[in-house]
Every structure is written in structure tokens, then in C-alpha cells.
Amino acid sequence: NLIKDVVPHRPNEIWVSDAAEKERLFRKVEASVDSELTELQKIIVRKHEYEGQSFERIAKDLGMRQEAVRMHISRARKILRDKFRNETDE
């Protein structure tokens with residue numbers, strides 16, 4: 001789940017169960033995807049996280065190696081994690 005991957009929380013904290021709060025976090029992550037990621041990262045994140053496509057399928061569709069797709073996902077998650085971490089530090 002992209003939200004759990006990027007939104008920092010304390011290890012012992014119970015994860016968000018309120019539907020409105022989940023929706024708010026989803027919208028915040030989605031806005032960050034739009035504003036923080038490259039166009040290619042956006043495409044790959046949406047295909048993998050939102051559409052559930054495999055790395056293999058994405059690589060084939062985009063004419064890339066699977067390792068490159070994994071790298072783009074990893075970098076995108078790091079960018080988003082860092083953004084949310086910085087927001088909670090302010």
C-alpha cells in the first residue's frame with residue numbers, strides 16, 4: 001500500500017482506521033505523486049500501485065527492463081517518504 005509505504009508513523013501506532021482519514025491521506029499522497037515525481041515515475045507508480053500491474057507487465061509495456069521499473073518505484077517511494085517525513089518534522 002503506497003500510503004503505508006510513504007506516510008511515517010510510529011511502529012506501535014495503530015494504523016488509520018477512519019475512512020475519512022484514509023481518504024485524506026490518499027488525496028495527499030496523490031497530490032504529492034503529481035507534484036514531486038517525474039512523468040515516468042508517475043506512470044510507473046500509477047500502473048503498479050493503482051492498477052496492480054506487475055513489474056514484468058510494466059517493463060514490457062514501456063519497453064524497459066524490470067530492474068529499471070523496480071528502480072523507478074523505489075526512487076519514487078523514497079521521494080514521497082522524504083516529503084512526508086519533512087512535513088512531519090516542520
Side-chain angles (χ1 to χ4, degrees):
N1 183 314
L2 188 60
I3 293 173
K4 286 185 180 181
D5 285 346
V6 301
V7 178
H9 60 282
R10 291 180 289 280
N12 295 331
E13 181 179 35
I14 296 173
W15 189 246
V16 177
S17 60
D18 177 47
E21 180 65 4
K22 282 183 182 178
E23 181 67 20
R24 186 189 71 78
L25 286 173
F26 177 80
R27 298 286 171 224
K28 194 171 182 180
V29 170
E30 180 65 17
S32 295
V33 166
D34 288 339
S35 66
E36 302 294 323
L37 303 183
T38 67
E39 288 304 312
L40 183 56
Q41 287 171 333
K42 289 177 198 177
I43 291 167
I44 292 171
V45 163
R46 287 189 175 118
K47 285 180 171 286
H48 183 67
E49 298 292 343
Y50 303 154
E51 298 172 19
Q53 292 185 21
S54 68
F55 293 129
E56 180 180 14
R57 171 70 188 269
I58 296 167
K60 184 177 179 183
D61 288 351
L62 298 178
M64 303 172 69
R65 292 185 359 239
Q66 284 186 53
E67 296 80 15
V69 171
R70 289 179 193 274
M71 179 195 67
H72 281 287
I73 289 285
S74 177
R75 287 182 180 168
R77 285 180 177 156
K78 182 182 182 331
I79 289 166
L80 296 171
R81 266 194 310 269
D82 289 349
K83 177 177 176 40
F84 281 91
R85 195 171 289 129
N86 289 339
E87 285 182 7
T88 58
D89 289 346
E90 294 173 355

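Since we're looking at a predicted model, the values are computed, not measured.
Taking the side-chain hydrogen bond (donor to acceptor under 3.5 Å, both in side chains) definition, one finds that R46 meets it with E30, D34, sequence neighbours left out. For E51, the side-chain hydrogen bond (donor to acceptor under 3.5 Å, both in side chains) partners are Q53, not counting sequence neighbours. Taking the salt bridge (Lys or Arg N to Asp or Glu O under 4.0 Å) definition, one finds that K28 meets it with E87, sequence neighbours left out.
A distance of 10.0 Å separates OG1 of T38 from CZ of R75, quoted to the nearest 0.5 Å. To the nearest 0.5 Å, atom CD of residue E49 and atom CD1 of residue I44 are 11.5 Å apart. Taken from OG in S32 to CZ in R81, the straight-line distance is 13.5 Å, to the nearest 0.5 Å. Atom-to-atom distance recorded for R24:CZ and R27:CZ is 12.5 Å, nearest 0.5 angstrom. The line from CD of Q41 to CD of E36 is 10.5 Å long, rounded to the nearest 0.5 Å.
In terms of heavy atoms, L37 sits closest to K42 at O-CE, 3.2 Å.
Under the 4.5 Å side-chain contact rule for hydrophobic residues, M71 and L62 do not share a cluster.
In this structure, E56 places its CD atom where only 12 or fewer heavy-atom neighbours from other residues, nucleotides or ligands lie under 6.0 Å away.
A heavy-atom distance below 4.5 Å is not found between the side chains of L80 and V45.
Under a 3.5 Å cut-off, the side chain of S74 and the backbone N or O of R70 do not form any donor-acceptor pair.
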(request) List the steps and the verdict of side chain to side chain contact (heavy atoms under 4.5 Å, CB included) for K83 and I79. (result) CA-CA 6 Å; K83 177 177 176 40; I79 289 166; 5.6 Å; no
